[in-house]
Amino acid sequence: MNTLNSTRVAQTLARLHQESEAADREHLETFMAAMAASGATPEQAAAEIIASERADLRAVYRGYAGNFLAVSPDYGRFLYMMARACKARRVVEFGTSMGISTIYLAAALRDNGGGQLIGTEFEPTKVARARANLAAAGLADLVDVREGDALETLREVGGEVDLLLLDGAFALYLPVLRLVEPRLRPGAAILGENAFEPDYLDYVRNPANGYVSQSLALNEGRGNEFAVRAA
């Protein structure tokens, strides 16, 4: 048995995925209908979101306060597998939301023998709910969820980072990566969910910047990018 299959974690994740689907259904249906009506590609739709974030990030994410915008169960299991495979002991997560992805990653830390996950979330109500969900799963002792602007909350992460998950405001993926970059160990995994921002993709796909990167054929259309810190 692994921690993902333990009663507390499995029941908490099952509940949260159900809650996420219910909370986000209307938002996703509206978004998909608008994209279909306009004929926009996922990349074009993401470009509009990025422009909105750059205009007023607080307003954009205040509107998502009740939405999970969470990873899928398949991607969650992939996160667990990646953290186990690289024997992660320190994980940084940008965009904790209600804590679903955090639970998958913290379960991997537990099975790796311990460690710390540093998460950051802009929306205060989500921070409170994430902490409660981690406590329900029995994983709160492994996680430090920091409230506020990631460019401030992640200035100090305490040591060498084995895995970085980028799953927050699209426009901040590259600034957050550059902030954490000095702490990434060689071989560290960088997982960008909804990684549509062109400057971010150009950066991690350019070997001169010290990464090997490619898109993932997992939840296609969601812009999943997988990079490894090569040097």
Side-chain angles (χ1 to χ4, degrees), residues 2-4 6 8-9 12-13 70-71 75-122 126-127 130-131 133-169 172-195 200 203-204 209-213 216 224-231:
N2 62 50
T3 296
L4 277 187
S6 68
R8 287 182 72 177
V9 171
T12 301
L13 283 172
V71 300
Y75 196 81
R77 286 189 292 271
F78 174 73
L79 291 176
Y80 172 87
M81 293 165 64
M82 284 301 306
R84 291 301 310 275
C86 68
K87 297 180 173 59
R89 300 303 294 266
R90 188 179 307 276
V91 174
V92 173
E93 177 185 45
F94 165 52
T96 296
S97 189
M98 311 292 190
I100 291 180
S101 53
T102 321
I103 290 172
Y104 284 102
L105 290 166
L109 288 179
R110 178 77 80 213
D111 293 339
N112 283 345
Q116 185 182 39
L117 190 158
I118 298 169
T120 185
E121 173 55 47
F122 192 72
K126 288 188 174 184
V127 172
R131 289 171 177 163
N133 291 330
L134 286 158
L139 297 168
D141 59 305
L142 296 163
V143 182
D144 173 15
V145 181
R146 301 175 180 178
E147 179 185 326
D149 181 346
L151 299 180
E152 296 297 329
T153 60
L154 298 181
R155 284 190 179 279
E156 180 50 61
V157 294
E160 202 170 54
V161 174
D162 304 297
L163 187 151
L164 170 64
L165 173 61
L166 301 168
D167 193 17
L172 293 183
Y173 280 24
L174 183 54
V176 169
L177 174 62
R178 295 297 302 272
L179 180 66
V180 178
E181 191 171 64
R183 293 293 192 176
L184 294 174
R185 69 164 174 83
I190 302 93
L191 298 163
E193 222 230 352
N194 300 308
Y200 172 77
Y203 186 80
V204 295
N209 294 320
Y211 296 94
V212 178
S213 188
L216 278 177
N224 289 319
E225 185 80 4
F226 172 40
V228 171
R229 183 66 166 159

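What you see is a predicted model; the values in this text were computed from it and never measured.
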Is the shortest heavy-atom distance from the side chain of N112 to the side chain of R84 under 4.5 Å? yes
Flag side-chain contact, heavy atom, 4.5 Å: F94 against V180: no
Measure the shortest side-chain to side-chain distance between N224 and F78 over non-hydrogen atoms and say whether it is less than 4.5 angstrom. no
Pairs of donor and acceptor atoms involving the side chains of residues 160-167, under 3.5 Å and at least two apart or interchain, shall be tabulated with distances.
from	atom 1	to	atom 2	distance (Å)
D162	OD1	R185	NE	2.6
D162	OD2	R89	N	2.8
D162	OD2	R90	N	3.0

No-hydrogen, no-angle side-chain donor-acceptor test under 3.5 Å, E181 and Y203: yes
Could you walk me through whether F122 and L172 pass the side-chain contact (heavy atoms from CB on, under 4.5 Å) check? CA-CA 12 Å; F122 192 72; L172 293 183; over 6 Å; no
Spacing of CG belonging to D149 relative to CG belonging to L154, to within rounding of 0.5 Å: 9.0 Å
Value for CG (L216) from CD (E193), rounded to nearest 0.5 Å, stands at 10.0 Å
Taking atom types as modelled, find out whether Y80 and D111 have a side-chain donor-acceptor pair closer than 3.5 angstrom. yes
Between I103 and V9, does a side-chain contact (heavy atoms from CB on, under 4.5 Å) hold up when you go through it step by step? CA-CA 8 Å; I103 290 172; V9 171; 3.9 Å; yes
Return all side-chain donor-acceptor pairs below 3.5 angstrom for residues 136-148, not counting sequence neighbours, or 'none' if the list is empty.
from	atom 1	to	atom 2	distance (Å)
D141	OD1	R110	NH2	2.9
D141	OD2	R110	NH1	3.1
D144	OD2	R146	NE	2.9
D144	OD2	R146	NH2	3.3
R146	NH1	T153	O	2.7
R146	NH1	E156	O	2.7

Tested for side chain to side chain contact (heavy atoms under 4.5 Å, CB included) against R229, the lone hit among N209, L184, V204 is L184
Under the criterion side-chain contact (heavy atoms from CB on, under 4.5 Å), I'd like the reasoning laid out for R155 against L179: C-alpha separation, chi angles, the key distance, then a yes or no. CA-CA 7 Å; R155 284 190 179 279; L179 180 66; 4.3 Å; yes
Under a 4.5 Å cut-off applied to non-hydrogen side-chain atoms, are L13 and L4 in contact? yes
Before you tell me yes or no, could you show the steps for V91 and I118 under side-chain contact (heavy atoms from CB on, under 4.5 Å), namely the whole-Å CA-CA distance, both residues' side-chain angles and the distance that decides it to 0.1 Å? CA-CA 6 Å; V91 174; I118 298 169; over 6 Å; no
Here the pair of heavy atoms bringing E225 nearest to S213 is OE2-OG, 2.7 Å
Do any N or O atoms from the side chain of R8 and from the backbone of A135 form a donor-acceptor pair under 3.5 angstrom? yes
